[in-house]
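See structure below.
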Amino acid sequence: MKFSWKWIKELSNLPNITLEESITKLTLAGFEIETINNKKDINDTTLELSITANRSDAASIIGIVRELKTIFKSTDISKVNKNTKIKKQNNQLNTIEVTKSKFTDKNLSDIQITVIKSIQIQDSPKWLINKLKACDIIQNNTLSNISHYINIKWGQDIEIFDANKIDNKEFQEKSIAIRHISIREDRNPIIISDETSNNFFESLTYKNCLISLPGIKSNSNFYCDDNTSSIIVFGHICKSQYIKRTTKLLKYKTEKSQKHVKGLSRKDFLNAYNETISLILKLTKYTQKISNYTWHEQNNSLTNVLVDIKNIKNTLGNINQRRHLNTEEIINTLKQLNFQPKEYQNRIEVNIPEYRKNDVKRQIDITEEIGRIYGFNHFIDTLPQKPYKGYVSKINILIKKVRNILNQLGLYEIIHYSLVSTSNQNYKSYISLHNPLQKDQRYLRKYLIYNLLNTLKYNKKQKNKFMECFEISKIFQPKRLINNKKQIYYRENIHLAGIIGKNNFSRRLWSENGQELSWFQAKGLLEILFEQIHAQIEWTNDLEINKYYKNLIKICHPYKFAILRSRINQRIIGIFGELDTNYSKEINQNYKSYIFELNLKEILKTIQIKKHLSYIFTKYSLYPSVTRNVCLKLDKKITAKSIKQILLSHNKKLIESVEIIDEYHTNNNIEELRNVNYKIIYRSLNKTLNDNEINEIDKKLNQIINYIHKTISSNI
């Protein structure tokens, strides 16, 4: 916008400030000076300022004057000198009962309508012409010049219409109305009204004639000229939400609508309108009465913000003296801004003035204003001399290590969206979004393996080769509190999922065809990962697991899967299994595939990396050993590993090792027992075992075996 420097200086009442100093201060305060143009013919200087979108209050001479008074610490910030003072007229003002729709108080904040009859337009005075010329405004008749003058000074749109052009017979004041009418979108929205349209807007009308759409545009056919003898002065302020909705429906934006969207000062509106009437009465000759209509929405809301002094200091940082702003400096700066601060212990209550309510709403906005007015150039903008090194979490280190290991094993990494579709899954237990961008991506994923399967299905349709792949990403789960099952909280974890399996994984000779990946080979690949990250993991077939992993078991072979647990705390960390035949055929040919999904946060708890080398040296026995083969009938619920631990604990000094040789079942499927063969080795470190010692060991070992058999038989 372009402003007159002479006009600014006149209203600011700061005679000692210079143009150069003001430009420097305004630039530091966030107002960029684009051009400076000296006009010698009127002895003035034109300043073109770039006003940011959030500072609509500064888009006028009064706004710039307030800003300069704040910057230069003037004591009368809230007061500005007016070029003309409103004089009381001898003619009595008659109130018009203007028709007002029931929607007016919802969309318009202020309305002023004044009708003046029998006026004679005179030439504009020189001071008015020079002020408009300094702001690069095109000259017109006196009434148009007054409207432009008020617009540039106060930032308010006060419109003046020719009453005779609206009704050339006999203008009737009572026919003026603020109506809620429909407007056709495909025609000029200021000229044409259509009762069949479904879009209704506030309008200034006279009988069936549309004069103006408040906040949008006015009918140019009713503008004043040199022959105007009766006028309607119309001032208004529209609510920003109403203007946003109206411009969207009309698909029509104007400079006026943009101003109303940003927000106009209601306090300045009254001053601007009163000065408009005063200038019209002063610069024209009138003989008949003045009719007036006024409506203002009551505004009882006060914008108070409570700010923390400590937060202000921490946000702004140190000033040049290597210290924070003290409380007194903060309060003085707020007083400069006319924010009326009140100190309460370590906090300050701030009352935002009416003309700044649109852009100052939060604590951070007030902190910015303090820094802007105090001067950002006073604050230290250098980086610390000793910057701290960023902290890398343990889980990120583990993810990087796992990614490198799996890449070395030949797996490709795949990345998917965290949102999943709604097909073929039970989504009642999933977390749904309230405002999804797409209907088929409404839920946060609970598993990673399904996305990998869908990707491989897609590759099969595209006739691409099967690839072994993995993904490391977050999953999201809803959880219910134990004490209050109705209350749900949300938890996210980092999971690792993968699919492995090749038809030519290994071969004995180059001349032979490759063999598919077996269970133990696939298991060995995963154990390589655990060994390299030092994770303490054990493999079990425990079916007593939570619902989360039961859903994954459904896509595995019913007899070929394993649950992975932590050896330290026995918590489940994931699942590994052979993919079900139906799923396997969907992603590749007829060879086996294996899937796994692991909780990396639980794996992290199992890792115990020793920072030193600790070797245990044991003496090798020089004496011969004695071997015993034992066959035990065990229930399917009893693991062979648990029996091994019992046998080893019998006599640790003389029993060197216990090894599981074989396991087999009878042909009778009804029997719940199975046969497990153990190989037990006796050996002493300091002597050769004699027959008596061996018989004694055998005797005690038989007692344990008999106890195990009795325990099993009693449970059957």
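Please read all numbers here as calculations on a predicted model, not as lab measurements. Below, all heavy atoms of this structure are taken into account, side chains as well, without hydrogens, waters or symmetry copies.
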Evaluate the criterion side chain to side chain contact (heavy atoms under 4.5 Å, CB included) for residue pair I380 and I319; output intermediate values, then yes/no. CA-CA 6 Å; I380 298 174; I319 55 179; over 6 Å; no
Check your understanding: With no hydrogens and no angle check, is any side-chain donor or acceptor of T45 less than 3.5 Å from a backbone partner on N38?
Key -> no
Nearest heavy-atom contact between S22 and I17 is OG-CD1, 3.7 Å
Residue set satisfying side chain to side chain contact (heavy atoms under 4.5 Å, CB included) with I277, at least two apart, ordered chain then number -> T114, V233, Y273, L281
Q) Regarding N54 and T52, is there a side-chain donor-to-acceptor distance under 3.5 Å anywhere? A) yes
Would you say E255 has more than 12 foreign heavy atoms packed within less than 6.0 Å of its CD? no
Validate the cation-pi geometry between R66 and Y355: distance from NZ or CZ to the six-membered ring centre under 6.0 Å, angle to the ring axis within 45°.
yes
Should I370 and L325 count as side-chain neighbours, where that means a heavy-atom distance under 4.5 Å?
yes
Output for pair (M1 CE, L47 CG), nearest 0.5 Å, gives 12.5 Å
**Asked** With distance as the sole test, does H324 use its side chain to make a donor-acceptor pair with the main-chain N or O of N314 at under 3.5 Å?
**Response** no
task = Determine, stepwise, if the pair S265 / E354 fulfils side chain to side chain donor-acceptor pair (under 3.5 Å).
result = CA-CA 7 Å; S265 172; E354 189 272 336; 2.7 Å; yes
Between R372 and A29 (side chain of the first, backbone of the second, donor and acceptor by atom type, cut-off under 3.5 Å), is there such a pair? yes
Open item on the list: Counting C-beta onward and ignoring hydrogens, is there a side-chain heavy-atom pair between T367 and V307 closer than 4.5 Å?
Closed with: no
Would you check if there is a donor-acceptor pair between the side chains of T228 and N164 at a distance under 3.5 Å?
no
Query raised in the report: Going by distance alone, is a donor N or O of one side chain under 3.5 Å from an acceptor N or O of the other, for E343 and T327?
Result: no
dist D226:CG -> N140:CG (nearest 0.5 Å) comes out at 7.5 Å
Original post:
Ignoring hydrogens and geometry, is there a side-chain-to-backbone donor-acceptor pair from N107 to C238 under 3.5 Å?
Top reply: no
Flag the pair R266 and D110 as a salt bridge only when some basic side-chain nitrogen lies within less than 4.0 angstrom of an acidic carboxylate oxygen.
yes
Residue pair Q112 / F234, side-chain heavy-atom distance below 4.5 Å: no
On a heavy-atom basis, the closest approach of K69 and S12 is NZ-O, 2.9 Å
- Task: State, with a plain yes or no, whether a side-chain heavy atom of H148 is found less than 4.5 Å away from one of I152.
- Result: no
Side-chain contact, heavy-atom cut-off 4.5 Å: K25 with L68? no
Would a distance-only check, ignoring hydrogens and angles, find a side-chain to backbone donor-acceptor pair under 3.5 Å from S175 to F171? no
- Salt-bridge present (D359, K262; N to O < 4.0 Å): no
Margin query: When you measure from the side chain of N274 to the backbone of L270, do you find a donor-acceptor pair of N or O atoms at a distance under 3.5 Å?
Written below: yes
query: How about K248: does its NZ atom have over 12 heavy atoms from other parts shown lying under 6.0 Å from it?
result: no
One should read off an interatomic distance between S218 OG and N221 CG, to the nearest 0.5 angstrom, of 11.5 Å
- Query: Does the distance from a Lys or Arg side-chain N to an Asp or Glu carboxylate O, for D136 and K2, drop under 4.0 Å?
  - Reply: yes
* Quick one: do K256 and D157 satisfy salt bridge (Lys or Arg N to Asp or Glu O under 4.0 Å)? Show the steps, please. => CA-CA 8 Å; K256 183 187 294 186; D157 292 310; 5.4 Å; no
Show, in sequence, the C-alpha distance, side-chain angles and deciding distance for R179 and E202, and conclude whether the salt bridge (Lys or Arg N to Asp or Glu O under 4.0 Å) test is met. CA-CA 6 Å; R179 294 175 55 199; E202 299 290 353; over 6 Å; no
One should read off an interatomic distance between I243 CD1 and L250 CG, to the nearest 0.5 angstrom, of 10.0 Å
- Item | L143 vs D225 side-chain heavy atoms within contact, under 4.5 Å | no
| Do the non-hydrogen side-chain atoms of H260 and Y242 ever get within less than 4.5 Å of each other? | no
Working for side chain to side chain contact (heavy atoms under 4.5 Å, CB included), residues K39 and N37 = CA-CA 6 Å; K39 296 187 176 182; N37 186 15; 3.8 Å; yes
Walk me through it: do D57 and R55 pass the test salt bridge (Lys or Arg N to Asp or Glu O under 4.0 Å)?
CA-CA 5 Å; D57 64 290; R55 290 303 307 274; 2.9 Å; yes
Here the gap from N145 atom CG to S124 atom OG, rounded to the nearest 0.5 Å, amounts to 4.0 Å
Would you confirm whether S257, through its side chain, and I216, through its main-chain N or O, come within 3.5 Å as a donor-acceptor pair? no
Scanning both residues in full, the closest heavy-atom pair of Q139 with I137 reads NE2-O, 3.1 Å
Exercise. Would you say the side chain of I166 lies within less than 4.5 Å of the side chain of D162, judging by non-hydrogen atoms?
Worked result: no
Q) Does a side-chain N-to-carboxylate-O contact under 4.0 Å join E159 and K217? A) no
I64 and A58 have their tightest heavy-atom pair at CD1-O, 3.5 Å
* Does the side chain of N227 come under 3.5 Å of the side chain of K165 through a donor N or O and an acceptor N or O? -> no
Centroid-centroid under 6.0 Å between F376 and H378 rings:
no
Correct closest heavy-atom pair for K253 and T247 would be CG-CB, 4.2 Å
Interatomic distance, CD1@I42 vs OG@S4, rounded to 0.5 Å, equals 6.5 Å
Is there a salt bridge (Lys or Arg N to Asp or Glu O under 4.0 Å) between K133 and D41? Walk through the geometry before answering. CA-CA 10 Å; K133 191 174 182 180; D41 55 335; 2.8 Å; yes
side-chain hydrogen bond (donor to acceptor under 3.5 Å, both in side chains) filter on Q363, not counting sequence neighbours, yields N311
Taking atom CZ as the centre, does R245 end up with more than 12 heavy-atom neighbours from other residues, nucleotides or ligands that are less than 6.0 angstrom away? yes
Check your understanding: Are any side-chain N or O atoms of N332 and backbone N or O atoms of E328, one a donor and one an acceptor, separated by less than 3.5 Å?
Key -> yes
Taking the six-membered ring for Trp, are Y149 and W7 closer than 6.0 Å centroid to centroid? yes
inquiry  = side chain to side chain contact (heavy atoms under 4.5 Å, CB included) for K361 and V305? Distances and angles first, verdict last.
reply    = CA-CA 7 Å; K361 300 177 181 179; V305 180; over 6 Å; no
Donor-acceptor side-chain pairing of E32 and S50 below 3.5 angstrom: no
Between P353 and F339, the two heavy atoms sitting closest are CD-CD1, 3.3 Å
_Donor-acceptor check, side chain of D365 to backbone of R362, threshold 3.5 angstrom: yes or no?_
yes
- prompt: So, the side chain of E329 versus the backbone of N326: is there a donor-acceptor pair under 3.5 Å, distance only?
  reply: yes
